[in-house]
Novice: 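Pasting a structure here, questions to come.
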Amino acid sequence: MDWQAAEALAATGWAGMTRLARGEPAIGAGIAATNSAAIAARLREVRAAIDQWLAELERKGGPDPEALRLRFVSAKNRLEDSQHR
């Protein structure tokens, strides 16, 4: 995996989380405990997105290329929209 490209795509969220992961575990635990509801909600959203990708990729008969293309279009649009904020 190209970690530099992934980090650039994830912007500050990636940098913040990796900084947290490399930091003092007690501080990370405190931050997670304090923000547990928000973190849990976001993790559920991520899990749902991954489950949707898996369902498409493991579709009986193989993935639908057009459905995959539309997923990539959507991802590209979100990235471009986030750059304009």
Side-chain angles (χ1 to χ4, degrees):
M1 173 170 222
D2 183 350
W3 287 106
Q4 285 183 324
E7 184 177 2
L9 290 173
T12 59
W14 177 263
M17 288 307 294
T18 58
R19 187 171 40 254
L20 180 62
R22 287 179 284 193
E24 175 58 42
I27 293 172
I31 292 169
T34 302
N35 297 286
S36 61
I39 293 169
R42 183 66 181 127
L43 286 172
R44 282 188 195 91
E45 291 172 7
V46 170
R47 181 175 58 193
I50 291 170
D51 287 344
Q52 291 169 0
W53 272 100
L54 286 171
E56 182 59 46
L57 293 170
E58 296 173 336
R59 177 192 295 239
K60 189 173 183 172
D64 176 0
E66 179 61 10
L68 291 173
R69 187 189 73 77
L70 291 173
R71 286 184 167 279
F72 280 100
V73 167
S74 176
K76 180 181 177 184
N77 290 340
R78 283 181 157 191
L79 288 170
E80 289 173 351
D81 288 345
S82 71
Q83 290 176 350
H84 299 294
R85 292 183 199 164

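Note that the numbering runs from 1 along the sequence shown for the chain.
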Novice: Quick one: hydrophobic cluster around Leu57, which other residues, with the 4.5 Å side-chain cut-off, linked directly or via members?
Specialist: Trp53, Leu68, Phe72
Novice: Rounded to the nearest 0.5 Å, how far does CD of Glu45 lie from CD1 of Ile50?
Specialist: 12.0 Å
Novice: Is any side-chain heavy atom of Asn77 closer than 4.5 Å to a side-chain heavy atom of Glu80?
Specialist: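 The answer is yes; the side chains approach within 4.5 Å.
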Novice: Could you give the distance from CZ (Arg47) to CD (Gln52), rounded to the nearest 0.5 Å?
Specialist: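 With rounding to 0.5 Å, CZ (Arg47) is 12.5 Å from CD (Gln52).
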Novice: Looking at every non-hydrogen atom in both residues, tell me the closest pair between Ala67 and Arg59 and how far apart they are.
Specialist: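 Here Ala67 and Arg59 meet closest at CB-NH2, 4.5 Å.
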Novice: What distance separates Ser74 OG from Leu79 CG, expressed to the nearest 0.5 Å?
Specialist: 9.5 Å
Novice: Atom CZ of Arg44 and atom CD1 of Ile39: how far apart are they, to the nearest 0.5 Å?
Specialist: 11.5 Å
